[in-house]
Q: 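One structure follows; several queries about it will come next.
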Amino acid sequence: MSDNALGLVIAAVVAWIVIGALGLVRPRELRFVSHLLFPLGAAVGLALAVVAFFALGQLPQSTVLPLGLPDLPFHLRLDSLSAFFLLLLGAVGAAISVFAAGYFRSGEGAAPGLLCFEYHLFLAAMALVLVADDAYLFMVSWEAMALSSFFLVTTDHRIPEIRQAGFLYLLIAHVGAIAILLCFGVLQGGSGDYTFGSMRSMVLTGAWPSVAFFLALFGFGAKAGLLPMHVWLPEAHPAAPSPVSALMSGVMLKTAIYGFLRVTFDLLQGQLWWWGVIALVLGLATALFGVIFACVQSDMKRLLAYSSIENIGIIVAGIGLTILFKSYGKTLLAAITLTAVLYHALNHAFFKSLLFLATGSVLHATHERSLGKLGGLIHRMPWVAWLALVGTLAIAGLPPLNGFVSEWLLLQAFLFTPSLPQSFVNMLVPLAAGALVLAVALSAYVMVKFYGIIFLGRPRESNLAYAKDAGWFERAALSFLALGCVVLGIFPVNVIAMLDPVNAMLIGSTALHADSGNWLLLTPINADRASYSPLIVLIGIVAVVLLTAQVVHRLYHGRVRRAPPWDCGFPLQTPRMQDTAEGFGQPIREVFDAVFRIERQLPSPFDTAPKYAVKVGDHLWHWLYLPLARGADALGRLVGMIQQGRISVYLTYSFFTLLALLFFVR
Amino acid sequence: MIEILFVLGLPVAGGLVLAVIGHRDEAPAVNVAVSLLTLIAAAALTVRVIADGPLLVLDKQFFVDPFNVFLVALTAFVGFTTSIFSRPYMRIEHEHGRLTVGRLRLYHSMYQIFNFTMLLALLTNNMGILWVAMEAATLATVLLVSLYRTAASLEAAWKYFILCGVGLAQALFGTILLYFAAERLLGAEGGALLWTELNNVKGSLEPTVLSLAFVFLLVGYGTKVGLVPLHNWLPDAHAEGPTPVSAVLSGLLLNVALYAVVRCKVLVEGSLHTAFAKDLMMGFGLLSVVVAAFLLSRQKDIKRMFAYSSIEHMGIITFAFGMGGPVASFAGLLHMTVHSLTKSAIFFAVGHATQKAGTQMMDNIRGLITLSPMIGWGLMLGTLAILGMPPFGVFTSEFLILTTAMRDQPWATPFLLLALGVAFAAVFSRVQPMVFGETTAKRLPLRPAMAPVFVHLALVLMLGLWIPPFLADWYRQAARLIG
Amino acid sequence: MATLPLYAQFINLFAAFLLLLAFAMLAQRRVLSLINLFAMQGFALAVSTAIVAYGTHQSHLYWSAGLTLVLKVLLLPWLLHRLIRQLDVKWDVEGLINIPTTMLVGIVLVVFSFNLALPIAQLSHTVTRATLGIAMASVMLSFLMMITRRKAIPQVVGFLAMENGLFFAATSATYGMPMVVELGIALDVLVGMIILGVFFFQIREQFDSLDLKHLETLKENE
Amino acid sequence: MTPTEFASQLLQLGLALALAPLLVGWINQCRAWLQNKSAPSLLLPYRTIRKLFMKDAVVALQASPIFRVAPYVVFGAMCCAAAIIPSLATDLPFGRAADTIALVGLFALARVFIALAAMDIGTAFGSLGARREMFVGFLAEPALLMVLFTASLISGSTSLPTIVDVFAHRELAIYPSLAFAGVAFAMVSLAENARIPVDNPATHLELTMIHEAMILEYSARHLALIEWASSLKLFNYSCLGIALFFPVGIGVAGAGWTALVAAAPVLVAKLAVGGFALALVETLSAKMRIFRAPEFLGTAFLLAVLAMLVNLLLGS
């Protein structure tokens, strides 16, 4: 099987495209599309994951397809890095497809068959991005990915905001893609050979490597939602149907990480330490920015979108640290950091997809995205609520789930930094560690808000009483992802062993200490330095919980009386007295007041129907994007002056052009 | 040889016949038939060239090499598809009362004449005839642009006529200078205007004269290409004429003009051995790209917007040819092909869209996809293709151009990045609400001909994923020729 | 220079005429006189072409001269006169820039053109090479004239005058282009003129005037 | 894992469970003394817990299982934390399974669960308390971690037993970085254990509550477990502080039974002093407004970061 893994990957891509095309055959036939095609797509995804799993650590395989440019047919290559991300894509994609099978309904925006086409094209494009081995195929699949996801985002195109979001998304994606393209232009080194193989052997001189790196940082950063190119993300994710949000957040953002890793560690020959510093600072700024904004959101999908920004920031910070270590030749540390990065990417794929899908179920059950109108759904939708709880705890970085493991590894890496020769960097890194921890702690805040307001408490609206739990397809998908969160959290040693081929390939070292054969205990350097065993922690907690419960019930009793809540004896209690989303975020808004652009609408004493509203905006939008747009507009107006309608003036242009050129040529 | 005669003779004959019967009901069908026959002849010519290699016939007056053969085929093809499109389109215009039968006759006749002039310009080996054909093409299209006889169309036609006339006058001066330089080597009778002859002796042509000639030729034919700051006629002419005319103007005529520029560039390069011509073309190209991008952001009229987009793309191609080298020239040729296919497809879709909405103002065109998914998707996909989204072929050439520029002319890339970004924002933000959203369109009296749109887009898609070997071969040979 | 054959001296004389007429057209305010001047310029062109033909024994240049005579001296001025009569537009031609300034710019252009043409003219083996500068200068002056006129007809006259300059360049520098090209050019000019004639009527019908200020609505700078 | 280690582990866990309420009792007594009040019994916390266990649990109608599970999870997390903090000796097999970072994670787990439980009933005070608790936590947690990082940097390990081993073994020297870290730790401890000046454990005014507001709806055994867990948390923090800053007397790895036995009275003495100090602080300071808390904790966080920087600057 592993002999022809690449062939199987290609087969999976083709299968996805075919499944998508089948959707176009009978676009309005909902049952055919959702109960046959989407599960089929899920099966393909699962198969892809299995293939990728076995391809990890195998020798790279490559092949050439008779498509593409005449001198540049499509080159494909499957190495450990690709395999890892394919595994991520396949596994998470399969779950999302299963969810989608139960999710899409007719009458909501585009025809189901069309959606199915776009969806599977999106999957296929992502898979192709991961196995592309030349710049052309990479770019083609990269943009096909952007395009298909754009159409998915604008499924409900009748709403102007959604169109706006889609536009912003595609625009930033496109500008980023041009930057990536230019990056490849640098990497080919004037050889005219756009295969990655040639780029690998190309030694760039002077400032070219840095130019390539920053183009890549910009281009892939735009896709990943790195500051300051993040603005599309909180718009596009909420606009899209939930499975699409899940796929975008969980998987597509990771392809950007993949691309960045590919360029930085594979195609570029060496790394400079200050690249790492910049990536680190940028990543942490993004992480803090994302999580602080997530705190004050009142739309559940926007909240998750900002949380994605945060996680991407953490990942990029990790990559920065990896670059730093690698440039100083600390390969072991670099390997640990890279492991943390990859691990976090995998974790994020699982828990973020899980949560986005959960919001999808909530959305379908309640038709409500605003946190202020939800509440108490754990009683109506126990499946979704309990599975979402797993994701919530995981994303909050709590042991023994998966989010904690990667953050643990990353923090370990930060702690080992003082061995670097550059004292400036040594000073920087503790600050960076502080910022990282702050981001992680804030994410717990965010997730308590998210979960508490949606699922706990009392329903804030009366129609929530009619909410129904998700269907079986959706439950299966959510369970799978939740299980993934748990497994990834509990068996880190095995996961890291799986990641090691990637480390070996990109860094030249493995993260696991050679003689730590203990599957139970995660020991990156040696046992004296640090160790962690989530399974034991889990067993410990569970044992204490069970034991306590047993003891308490045996020694005393287990009697329970149900009564109305006490609430300090307040006689009248309504669900509206609970904290709203805005209220829950208010302390953070106060503390980080300077970060937000807050517009308050205060009631006046004479209002008959007093209203209070607060809008939290993004300074960057006002300081960067609006001026950019205004600048472009002003330039457009300026340039428009030349087209001013009078024929004499036009003749004058022509005349002076001629004269100037004649003068020049003389 | 016989193929060439057919390629040129059929449109002339068609033009004459249609001048007589062009107002009748069967005229559109005749128009299509003549275009089809032309296409068949062009295909035969193409096959001949594939089989036998370059042709030089009729006393060396006609010359077919890899550089122009694909343009001939392309011109005949787009001419044919446009005639298909114009059948329902012009009928609807007639029924909407915008055109009288007499104008229809003029339209059909001039359409064929216009095709003839373009094919002549492409096929002739004589730089003088090339000029004559270009001028004739201008005259034919002036009539087509002013077909509606509205104030705006008259203004556009007038500007078109004067500006291009003056421009072409400069080109004639350049041609005279070229002749002046060549006559000393080749003699007055020795075909001193024949491109093949000139090409043979280009190394010994006098550089001073040639650089002067190139300035005139570039300004002259560059006006026709729509290079900034000589472009001012272009948006007016494209926007105010009937849509089939806009399609062929954008899709074909610009190509032909650019073809003339490149032919001249080859000679000048060979004589000068400096980067003069390259620098000039790169400068004009870049200026066109940037200026057009910003002008795009100020558009309200849909056809005008796509006219500016044509300027932008011509700028890109000019820049590519200016950069030179096998990759960039290859990309330039490919871009010519895909641009004309895509842009004409867009104009087809736009034509029906404007008929549906009853206006060319973009603010009033909404939700095409709801009422007629074909037009909506055609416009959407065409726009995405023209904006350089893979897997369409426009991306392929932009990919090659940008990556080459990054290494060879890095100074230019920020401008290109800026321009492409601005252009994307400008065009897409306008097209998206036209295609999506709630609709304002109404039904049309006739079924629109959408097949050409999708055939074109399919071809563009194919070129993005797979270029037929013979075509790639031509491009390569032509690129070698262009340098 | 003194050894120039007589016919060459005549050519130079007519070349000077041509330039003088170009200046005169630049300065002319009245449209009818403008057309007359144009006809005179055509005549000068035809005569000088004939002289070149005579001097160099290039028989096809006779044809060219004849063509010029018919087209530029007889047909086009007649057409223009007819148009003016029919359109009833005998107004003064008002320039965008006042005449002295225009003349000054024109002189600068002439100097520039001479400068430009000088090194090239040295290369030529024709006896009439010095006239290349004049031809270029008259092209430039016509260009200037087109820029400065705000009515349609004078602009077209400028356009035609430019063609004159080009023809003169072809004749003087190279003893004329190949016949087929010349014929083609002549045809284009004729057809163009006819189309323009039609246009004048349409424009007047549409705007009640041939003033170009009506043709300034398509623009981007509102 | 040798039997000795296992026994040591169990002993320390048992000690923590047993002594934790006593520590609370001691602090309350000290505070009463300091404030010239008549002191409650030292054993009152034990009696309270026992009394609560006896009662019938009253659970709100709309409570979900999360509400009922949370006390157990919190209690479990605190027990696990207690199992990895060396109080008597560093022979802690469980310490290998969770290091300092995991310790902070365990505290966070407890915090999140109690906050979720508080939101579960859907009362105004519950969600208010949850919000405030998370608010305090988001700054306290990083500050604590930074303190621990300083110790880790000095000792080159994040494993608590190793850190304490290193600290206990080294020469007596002045570590400026630890001074910063110590102050930061003290501040964090006050905040984390719902003490004045951040919170008032004895308050009856709901609007000023943080921790108490979250557990208003709890009764009987659930409340008992939460109270016990809180006292365990206090005990854990105290032991952590002792282990990091006053490790003298803790039995190092492999020291055997005698060291373990010898360490017990030392620990009790240190806890007594610590408890008294805490009571003193609480007596001397006034409770802050809730929005002053970020400043307080921010200061702690910055001090902790400063400690790391000082450590790097001056070397360890």
Side-chain angles (χ1 to χ4, degrees), chain B residues 61 126-136 138-140 142-143 146 149-159 161-162 165-166 168-170 172-173 175-177 179-184 188-189 191-193 206 208-209 212-213 216 232 235-237 239-240 295 298-299 301 304 308, chain C residues 58 60 116-117 119-120 122-126 129 132 135-136 139 142-143 146-147 152 155-156 158-159 162-163 165-167 169-171 173-178 180-185 187-189 191-192 194-196 198-199 202-203 205-207 212 214-222:
Chain B
Q61 288 297 322
N126 189 320
M127 298 300 282
I129 299 294
L130 172 65
W131 185 88
V132 171
M134 290 295 294
E135 177 77 32
T138 310
L139 295 177
V142 161
L143 288 176
S146 67
R149 305 281 155 87
T150 57
S153 72
L154 280 175
E155 178 184 346
W158 178 263
K159 284 179 179 166
F161 187 102
I162 293 293
V166 169
L168 284 173
Q170 313 304 320
L172 182 58
F173 199 86
T175 311
I176 291 168
L177 286 172
Y179 182 63
F180 172 72
E183 192 209 10
R184 299 169 59 220
E189 302 304 320
L193 273 177
E206 181 56 48
T208 340
V209 185
L212 209 56
F216 280 101
N232 309 72
D236 303 350
E240 302 306 332
L295 283 171
R298 304 195 40 79
Q299 297 312 310
D301 180 315
R304 225 174 148 73
Y308 278 112
Chain C
Q58 304 263 344
H60 77 266
L116 209 60
I120 300 173
Q122 305 294 338
L123 302 167
S124 174
H125 56 89
T126 60
R129 60 195 179 194
L132 189 63
M136 200 185 275
V139 169
S142 312
F143 208 149
M146 291 187 73
I147 292 174
Q155 200 165 49
V156 169
F159 180 62
M162 192 185 276
E163 301 258 271
L166 291 172
F167 258 80
T171 324
T174 64
Y175 296 149
M177 309 275 273
V180 55
V181 179
E182 294 227 358
L183 276 175
I185 296 171
L187 186 69
D188 278 347
V189 171
V191 172
I194 291 168
I195 292 174
L196 277 175
V198 177
F199 254 41
Q202 289 170 2
I203 290 175
E205 188 183 336
Q206 190 68 241
F207 304 107
L212 291 180
H214 301 295
L215 300 180
E216 290 173 6
T217 55
L218 298 173
K219 57 188 179 181
E220 308 296 340
N221 64 335
E222 58 266 30

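Residue numbering restarts at 1 for every chain, and letters A, B, ... go by the order of the sequence lines. Excluded from the calculations below are hydrogen atoms, water molecules and symmetry mates; all remaining heavy atoms, backbone and side chain alike, are included.
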Q: When heavy-atom pairs shorter than 4.5 Å are enumerated against chain B, which of M146(C), E216(C), E163(C) gives the highest number?
A: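 So the answer, after comparing M146(C), E216(C), E163(C), is E216(C).
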Q: Heavy-atom distance under 4.5 Å between the side chains of E155(B) and Q206(C), does that happen here?
A: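 When only atoms from C-beta onward are counted, Q206(C) and E155(B) do not touch, as no gap falls below 4.5 Å.
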Q: Could you check which of W131(B), W158(B), F173(B) has the highest count of heavy-atom pairs closer than 4.5 Å to chain C?
A: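 Most heavy-atom pairs within the cutoff with chain C belong to W158(B).
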Q: Can you name the one residue among T138(B), V132(B), L168(B) that meets side-chain contact (heavy atoms from CB on, under 4.5 Å) with D188(C)?
A: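 Output: one option passes, namely V132(B).
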Q: Would you name the heavy atoms of E240(B) and L218(C) that are closest together and state the gap between them?
A: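 E240(B) and L218(C) have their closest heavy atoms at OE2-CD2, 3.6 Å.
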Q: If we count only N and O atoms by modelled type, under 3.5 Å, do the side chains of S146(B) and Q202(C) hold a donor and an acceptor together?
A: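 S146(B) vs Q202(C): no donor-acceptor pair found between side chains.
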Q: Identify which of V209(B), V166(B), T208(B) forms the greatest number of heavy-atom pairs closer than 4.5 Å to chain C.
A: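 The residue among V209(B), V166(B), T208(B) with the greatest pair count is V166(B).
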Q: Looking at I176(B), N126(B), T175(B), which one forms a side-chain contact (heavy atoms from CB on, under 4.5 Å) with V181(C)?
A: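 Running side-chain contact (heavy atoms from CB on, under 4.5 Å) over I176(B), N126(B), T175(B) with V181(C) returns exactly one hit, N126(B).
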Q: Of all of Q170(B), K159(B), R149(B), Q299(B), which one pairs up most often with chain C through heavy atoms under 4.5 Å apart?
A: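 Between Q170(B), K159(B), R149(B), Q299(B), the count favours R149(B).
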Q: Apply ring-ring contact (aromatic ring centres under 6.0 Å, His included) to F207(C) and list each qualifying residue two or more places apart in sequence or on a separate chain.
A: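 H214(C).
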Q: Below 4.5 Å from any heavy atom of chain C, which atoms of A181(B) appear? Answer side chain, backbone, both or neither.
A: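 For A181(B), neither part sits under 4.5 Å from chain C.
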Q: Any heavy-atom pair between the side chains of L172(B) and F167(C) that's under 4.5 Å?
A: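 No, their side chains stay 4.5 Å or more apart.
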Q: Between F159(C) and F161(B), what is the ring plane arrangement, given parallel below 30°, perpendicular above 60°, and tilted in between?
A: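 Taking F161(B) first and then F159(C), their aromatic rings stand perpendicular (interplane angle over 60°).
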Q: So for L196(C), is it side chain, backbone, both, or neither that comes closer than 4.5 Å to the heavy atoms of chain B?
A: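 For L196(C), the contact with chain B is made by the side chain alone.
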Q: Under a 4.5 Å heavy-atom cut-off, does chain B meet the side chain of L187(C), its backbone, both or neither?
A: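 Neither the backbone nor the side chain of L187(C) comes within 4.5 Å of chain B.
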Q: Quick one: what part of A239(B) sits under 4.5 Å from any heavy atom of chain C, side chain, backbone, both or neither?
A: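 Contact with chain C is absent: no heavy atom of A239(B) under 4.5 Å.
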Q: Looking only at heavy atoms, what is the nearest atom pair of L193(B) and P178(C), with distance?
A: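 Scanning both residues completely, I find the closest heavy atoms to be CD1-CD, 3.7 Å.
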Q: Looking at L177(B), N232(B), L143(B), which makes the most heavy-atom pairs under 4.5 Å with chain C?
A: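 Ranked by contacts with chain C, first place is L143(B).
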Q: For I195(C), which atoms come within 4.5 Å of any heavy atom of chain B: side chain, backbone, both, or neither?
A: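 The side chain, not the backbone.
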Q: Do M136(C) and L212(B) have side chains that approach each other closer than 4.5 Å (heavy atoms only, starting at C-beta)?
A: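 Yes, close enough: below the 4.5 Å cut-off.
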Q: Who passes side-chain hydrogen bond (donor to acceptor under 3.5 Å, both in side chains) against E135(B), sequence neighbours left out?
A: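 Listed in chain order: nothing, the list is empty.
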Q: Contact part of I129(B) toward chain C, heavy-atom cut-off under 4.5 Å: side chain, backbone, both or neither?
A: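 Both backbone and side chain of I129(B) come within 4.5 Å of chain C.
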